[in-house]
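Report on one structure; see the data block that follows.
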Amino acid sequence: MSTVSTVVGGISFWYAQEGTPAPREPLPGDTNVDVCIVGGGYTGLWTAYYLKKAVPFLNITVLEAKFCGYGASGRNGGWLYNGIAGRDRYAKLHGHDAAVRLQKAMNDTVGEVVRTAAEEKIDADIHQGGVLEVAHTPAQLARLKDFHSVEIAFGESDRVLRGARETAERVQVTGAVGSTWTPHGARLHPAKLVKGLADAVEALGVTIHESTPVTEIKPKHAVTPYGTVRAPYVLRCTEGFTASLKGQKRTWLPMNSSMIVTEPLPARIWDAIGWEGRETLGDMAHAYFYAQRTADDRIALGGRGYPYRFGSATDNDGRTQPATVAALRDLMVRLFPVTAGVHVDHAWSGVLGVPRDWCATVTLDRSTGLGYAGGYVGSGVATANLAARTLRDLIQQDSGQAGPTDLTTLPWVNHKVRRWEPEPFRWLGVHGMYAAYRAADRRETTSPRPGTDPIAKIADRIAGRH
């Protein structure tokens, strides 16, 4: 397959389609504010939004290295869904009921984003069709059934298990032997959401300074090349780009994920595929994919690709290796053979934040005023909203404006985790882990056994995911 005319990099297709926003002014010099938020993605902007709505007199400044949504918030797969990284671990640490409360909060978050976008008149191509996850092999089907049962146990009474025929009636995924569907999910256009959110935040009176990289965060200080912002509360909302900050190299690993998007597909192809419900679509492979049918009838599909760059480096412009583009296209054709002749318009990559124990968290240190949220492990579109509302409540509690809330007592609040190993162990571990997952997927494809391949179980233990 030739990729000569496929656009590669350039941030993402979402921005190629939507256009990059007009630049906002950088920080003009030293300043004092009530709350300084570092990072202009979903987490930072939602936090500014909810804080300003709750306490209108607060002087809030957002500092963004490039422009709002330049990172994962403008490059992701557009999955607004109720998954949260680390729920099973939180159940072990804090009890099943605490984890059920966390899951219920995530279920509610999907509706909160949909409602708020409508209230703020943000047209982000949101379609609440739920999430469909399919199985292709006996091992995947066994995992899918286990996953479905676990989700039911965590309170998703509205989740549905479907067989091969029922799955095909929704989407014609070649080889699918079953699926599970939850209504707690929606498809959206990532860049439209983040651009609209940034505009809404500014309209509330929040100051956003772009082209202002923060090099160091310390108590009551955010240091930039143009001056220092001093504030009682400094919140780190940098997710996959956290490693670029002083002293944070091993805090969260910047995991790469890559995507392709096709040209708009004609009606004859959609007649063959179906997908009229426009569910977000994934599978139960260890090296799983994620996909959506876009508002203009393209297929946008992603996967891990080249998972990690040595030294926690990030390729900021979204450049994607030709082998990754080819692998994602081959995967799409395996799933939907009718797409064999379609053109891939754009390919890009981005980074997501991965803690050592694969648990998302939101934290406020009351002794220093430093807070952070992230470690979403690829589930940040919705989780960032819950994190932002939780940061709002933590700050109001700390400042004496309110007491504890349902959100401040969720089990992911103030969770601590050890740092990642130094190089070269970090690079070797991540690449070895994903090589093992791909090997396990290949072995499961040819095995009639329903059990998960032992190689994947070993990789899970080494990675710290279970």
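- Looking only at distances, no side-chain donor or acceptor of R159 sits under 3.5 Å from a matching main-chain atom of S149.
- Between H96 and F154, the ring planes are tilted. Angles from 30° to 60° get that label.
- Note: Y15 and F67 have perpendicular aromatic rings, judged against thresholds of 30 and 60 degrees for the angle between ring planes.
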Before giving the answer on side-chain hydrogen bond (donor to acceptor under 3.5 Å, both in side chains), spell out for Y81 and S379 the whole-Å C-alpha distance, their side-chain angles and the decisive distance to 0.1 Å. CA-CA 8 Å; Y81 86 120; S379 300; 2.9 Å; yes
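- Ionic pairing of R170 and E279 is present here: one or more N-O contacts between side-chain nitrogen and carboxylate oxygen are shorter than 4.0 angstrom.
- Using a 4.0 Å cut-off between charged nitrogen and carboxylate oxygen, E151 and R87 count as a salt-bridge pair.
- Looking at R389 and D393, no side-chain N of the basic residue comes within less than 4.0 Å of a carboxylate O on the acidic one, giving no salt bridge.
- Shown are N107, T180, T182; of these, the side-chain hydrogen bond (donor to acceptor under 3.5 Å, both in side chains) with E156 is made only by T182.
- Electrostatic pairing of K104 and D108 counts as a salt bridge here, judged by a charged N lying under 4.0 Å from a carboxylate O.
- The aromatic rings of H346 and W348 sit perpendicular to each other, their planes meeting at more than 60°, with 30° as the lower class boundary.
- Residues T242 and T238 bring a donor and an acceptor atom of their side chains to less than 3.5 Å of each other.
- Looking at Y42 and T383, their side chains never bring a donor and an acceptor atom within 3.5 Å of each other.
- Residues Y290 and S257 bring a donor and an acceptor atom of their side chains to less than 3.5 Å of each other.
- In summary, D345 and R298 engage in a salt bridge, as defined by a charged side-chain N under 4.0 Å from a carboxylate O.
- Side-chain N/O atoms of S349 and T320 include a donor and acceptor closer than 3.5 Å.
- Under the salt bridge (charged side-chain N to carboxylate O under 4.0 Å, His left out) rule, E421 has a single partner from K249, R250, R356, which is R356.
- Of the N and O atoms on the side chains of S5 and H343, at least one donor lies less than 3.5 Å from an acceptor on the other residue.
- In summary, R101 and D406 do not engage in a salt bridge, as defined by a charged side-chain N under 4.0 Å from a carboxylate O.
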